[in-house]
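Below: one structure, written as structure tokens.
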Protein chains: 2
Amino acid sequence: MVLDAIDKQIINLLRENGKMNNKEVAGKIGLSVTPTFERIKRLERIGVIQGYTALINRKAIGRDLKVICQVSLKSHEKEGIDVFESAIRELPEVSHAYHVAGATDYMLTIEVANMEVYQDFLKNQLARIPHIGQVNSSFVMSELK
Amino acid sequence: MVLDAIDKQIINLLRENGKMNNKEVAGKIGLSVTPTFERIKRLERIGVIQGYTALINRKAIGRDLKVICQVSLKSHEKEGIDVFESAIRELPEVSHAYHVAGATDYMLTIEVANMEVYQDFLKNQLARIPHIGQVNSSFVMSELK
DNA sequence: AAAAATACAGAATAATATTCTTCGAATAGG
DNA sequence: CCTATTCGAAGAATATTATTCTGTATTTTT
């Protein structure tokens, strides 16, 4: 999986605009459309480009509240970890979830309509997962990036 | 900015695959291509769809280490906040940055090649920003979502 | 040095996006 | 209660883009 400088340029262009067309990418990297096309297909094939997505304004779809939630487990046996992780994967409110090494065990980002819905989420979803220990919520006031 | 059920379907489809073409979207939502096209353009125009991006496998581009970094400021005067925020915006290693209300002031996600590069980032980039207080790093071991 | 593989360009074709015109249904105004 | 207007959609026509195919120069392998 060797990427040369041109591949990296392509990646940067498609990160900025996932719908930039071949001709335009070709122009910017200084190649004709064919090798450009083939390079992009290769990047997709070998898994460097994992897909494309539309960036949605979450407030427009009624997800006004974003919360970073730090979770610790009570038990660190394999079973507890597996149960917790598969429960998290099923929750649509959770947009990202990382298993981390540090002060806590998991970092979750949660997106919900408002505080009331978040409270309901905590009480009726998160708190019901077995083995769960401490939960610490940080409410996003603004997104710099 | 009123979204009906069809708009929400479109949003979900384009989130799964930002390059899904009009014809296919139209087929899935049960409309012909023209109104589908016009709805998508409208969603882009009014800012519900903010853009499109390629999803890149970060390990493929040599960013093997992901860190969630919690930062507190020493001073919470407006000036300190502004200086910190504009410094953060300039750092390419920082992929996301949130100003939060909670135990700390900022949550950053950092992507770098390895621990050595991270240490260098902490010492030579982050620690040099004026007004910075506590920094707490959590290293991502696995990504559930 | 010959053979094979690689990377690219340009042309041809296939598929898709975009625009334009038209139609029918719902709604507001007279 | 009828007519004008708006709205949402369909279908055809056109423009643009993606994809494939063919040929050539360059590099690598044997």
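The model shown is predicted, which means the values in this text are computed figures rather than measured ones. Letters A, B, ... are given to chains in the order of the sequence lines, protein chains preceding strands, and every chain is numbered from 1.
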dC7(D) C1' sits how many Å from E38(B) CD, rounded?
-> 11 Å
By nearest-nucleotide position on DNA chain D, the 5'-leaning member of S32(B) and F37(A) is S32(B)
Give me, pair by pair, the N or O atoms of the protein and of nucleotides 25-27 of chain D that are less than 3.5 Å apart, along with how far apart they are.
none

Could you note down all residue pairs passing salt bridge (charged side-chain N to carboxylate O under 4.0 Å, His left out) where residues 32-47 of chain A supplies at least one of them, sequence neighbours left out?
-> D4(A)-R39(A), D7(A)-R39(A), D7(A)-R42(A), K41(A)-E44(A)
Apart from V117(B) itself, what residues make up its hydrophobic cluster when side-chain heavy atoms of I, L, V, M, F, W and Y under 4.5 Å apart count as a link, directly or indirectly?
-> L144(A), L65(B), V67(B), V71(B), L73(B), I81(B), F84(B), I88(B), L91(B), V94(B), Y106(B), L108(B), I110(B), V112(B), M115(B), Y118(B), F121(B), L122(B), L126(B), I129(B), I132(B), V135(B), F139(B)
Show which residues join V83(A) in its hydrophobic cluster (side-chain heavy-atom contacts under 4.5 Å, direct or indirect), or state none.
-> none
Here the salt bridge (charged side-chain N to carboxylate O under 4.0 Å, His left out) pairs for residues 117-136 of chain B, sequence neighbours left out, are none
Span of DNA chain C in contact with chain B (heavy atoms, under 4.0 Å) = dT16(C) to dC20(C)
In residues 6-30 of chain B, what residues come within less than 4.0 Å of DNA chain C, judged by heavy atoms?
-> N21(B), N22(B), K23(B)
Salt bridge (charged side-chain N to carboxylate O under 4.0 Å, His left out) filter on D64(B), not counting sequence neighbours, yields none
For E16(B), what residues pass the salt bridge (charged side-chain N to carboxylate O under 4.0 Å, His left out) criterion, not counting sequence neighbours?
-> none
Mind checking R39(A) for me? I need base, sugar-phosphate or nothing, with any heavy atom below 4.0 Å counting as a touch.
-> sugar-phosphate
What residues, two or more places apart in sequence or in another chain, satisfy salt bridge (charged side-chain N to carboxylate O under 4.0 Å, His left out) together with E85(B)?
-> R89(B)
With D82(B), which residues qualify under side-chain hydrogen bond (donor to acceptor under 3.5 Å, both in side chains), at least two apart?
-> K78(B)
Remaining members of hydrophobic cluster (4.5 Å side-chain criterion), V2(A) = none
Output, in order, the C-alpha distance, side-chain angles, deciding distance and verdict of side chain to side chain contact (heavy atoms under 4.5 Å, CB included) for L3(A) and L43(A).
-> CA-CA 9 Å; L3(A) 306 183; L43(A) 291 172; 3.6 Å; yes
Measure from CZ on R45(A) to P on dT19(D) and round the result to the nearest Å.
-> 13 Å
